[in-house]
Amino acid sequence: MLPVVVVHGGAGHVPKERAELSIAGMQEAARLGYAILKSGGTAMDAVVETVAMLENNPAFNAGRGSVLNLKGEVEMDALVMDGRTLACGAVSAVRRVANPIHLARLVMDKTSHVCLTAEGASQFARAMGIPEVPEESLITDYARKRWKDNLHKDANPVECQIGKMG
Amino acid sequence: TVGAVAVDVQGNIACATSTGGMINKMEGRVGDTPCIGCGGYADNQIGAVSPTGHGEAIMKIVLSRLILFHMEQGKSPKEASDMALAYMKERVSGLGGVVVVDPKGTWAARFSSQQMPWAAAQQEQLHYGMFHGE
């Protein structure tokens, strides 16, 4: 079997000045995933570590660099699935975790559930020994600028989402 | 949103997707990413998908599993992705993109949005792009 890894960095608009960063981040992540596969690592290890690298890269909207909600806060979602067993794990609306993808994998590996959300996901993270990080460490100047640009005093929370992609 | 799909030397397949969601989303809004079949799916017998785009549209058509349904019926990853993305655009006016692999290691990176940065590594070669046709 010829190993392969394919990554994406989101379907939203990438401003010209961030395009090079974005492509470089994609290349770096694909190289990491491929190195894991070439050294005999599993597909699960490859996708999780690749996505964790992208979460740590502020050029992308996940982990550090996440877009902000209406209140200017970070709420993140993540999912993993293992094609061998159909095991899967997910977290939603999780806060103050550097790598939600690692938490999603722990949901898959350590619980009988598929998805943990919000405060329950945070409690699970603490129980698993995942350190809580300051919310500020996940927020970039670029994310804050976009949040402010899209924040209107009288904005309808539904209408202001129209046309935007996650 | 970021995502990855992979096939290892044993022929096992996996997917992962992670996101901060949509800009200025309502507090508590959850999109497709943590929903199995929407924000990703992996089955050794068919393939794996990680999507990105309009989360609510992806959820309405269960995009990842829809692509794998097309692949189960004999479509290639590229054909299946294009069919499902076209359906999402037509039925729910949603745009997005996907990375897909099948058990043989055939891969695709397809999108209906203007852009989607992507990269693929196989047989010591790195492929990448951001715009249509790359």
Side-chain angles (χ1 to χ4, degrees), chain A residues 1-11 13-14 22-23 26-27 30-31 33-34 37 42-44 46-48 50-51 54-55 60-62 66-67 69-71 74-84 88 90-93 100-101 114-115 146-147 150-151 157 160-161 164-166, chain B residues 1-31 33-34 36 39-44 48 50 52-55 95-97 99-101 105 107 109 111 113-123 126 128 130:
Chain A
M1 175 57 64
L2 290 171
V4 60
V5 61
V6 195
V7 302
H8 71 73
H13 173 69
V14 182
S22 187
I23 284 293
M26 287 287 97
Q27 292 173 330
R31 284 195 189 100
Y34 192 62
L37 295 173
T42 64
M44 178 55 66
V47 295
V48 167
T50 297
V51 165
L54 294 170
E55 288 176 335
F60 300 102
N61 162 31
S66 285
V67 293
N69 68 15
L70 266 177
K71 291 172 71 178
V74 175
E75 292 180 311
M76 301 167 290
D77 310 322
L79 167 152
V80 295
M81 187 162 187
D82 185 338
R84 187 174 63 85
C88 42
V91 290
S92 65
I101 201 69
V114 166
C115 185
R146 292 182 74 198
W147 171 68
N150 282 273
L151 195 62
C160 77
Q161 299 302 326
K164 299 191 180 78
M165 277 182 268
Chain B
T1 305
V2 300
V5 292
V7 185
D8 63 29
V9 291
Q10 305 292 326
N12 292 317
I13 294 175
C15 71
T17 310
S18 182
T19 191
M22 295 168 75
I23 189 166
N24 295 40
K25 64 187 177 184
M26 293 174 72
E27 189 180 10
R29 178 265 185 185
V30 174
T33 296
I36 307 301
Y41 203 84
D43 184 336
N44 273 14
S50 173
T52 173
H54 289 131
L95 300 177
V99 290
V100 185
V101 290
W107 61 271
F111 49 100
S113 52
Q114 268 190 321
Q115 297 165 258
M116 184 187 77
W118 61 270
Q122 186 177 43
Q123 288 187 280
L126 185 66
Y128 59 91
M130 183 180 296

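Basis for what follows: all heavy atoms, side chains included, without hydrogens, waters or symmetry-related copies. All chains are named by letter (A, B, ...) in the order of the sequence lines, taking the proteins before the strands, and each is independently numbered beginning at 1.
Among the candidates A:Asp82, A:Ile23, A:Val114, the residue making the largest number of heavy-atom pairs closer than 4.5 Å to chain B is A:Ile23. Options A:Val4, A:Val5, A:Leu54 differ in how many heavy-atom pairs under 4.5 Å they form with chain B, and the most are formed by A:Val4. Chosen from A:Ala43, A:Ser66, A:Ala30, A:Cys115, the residue pairing most often with chain B at heavy-atom distances under 4.5 Å is A:Ala43. Highest contact tally toward chain A, considering only B:Gly3, B:Gly39, B:Ala48, is held by B:Gly3 [criterion: heavy-atom pairs under 4.5 Å]. Among the candidates B:Met116, B:Gln123, B:Gln115, the residue making the largest number of heavy-atom pairs closer than 4.5 Å to chain A is B:Gln115.
A distance-only check finds no donor-acceptor pair linking the side chain of B:Thr33 to the backbone of B:Thr19 [under 3.5 Å]. Within the 3.5 Å criterion, the main-chain N or O of B:Trp118 finds no donor-acceptor partner in the side chain of A:His8. Of the possible donor and acceptor atoms, one in the side chain of B:Thr52 sits under 3.5 Å from a partner among the backbone N and O of A:Ala11. Between the side chain of A:Asn61 and the main chain of A:Val67, a donor-acceptor pair closer than 3.5 Å is present.
Shown here for A:Ala93 and A:Asp77, the closest heavy-atom pair between the two residues is N-OD1, 2.8 Å.
Of the two parts of B:Leu126, only the side chain, counted from C-beta on, holds a non-hydrogen atom closer than 4.5 Å to a non-hydrogen atom of chain A. For a residue to count as touching a neighbouring chain, one of its non-hydrogen atoms must lie under 4.5 Å from one of that chain's; by this rule B:Val101 touches chain A with the side chain only. Using a 4.5 Å cut-off between heavy atoms, A:Thr42 contacts chain B through both its backbone and its side chain. For B:Phe111, no part lies near chain A; criterion is any non-hydrogen pair under 4.5 Å.
Judged as a side chain to side chain contact (heavy atoms under 4.5 Å, CB included), and not counting sequence neighbours, the contacts of A:Asn69 are A:Lys71, A:Glu73, A:Glu75, A:Arg95, B:Lys25, B:Glu27. For A:Ser22, the side chain to side chain contact (heavy atoms under 4.5 Å, CB included) test picks out A:Val14, A:Phe60, B:Pro117, B:Met130, with sequence neighbours left out.
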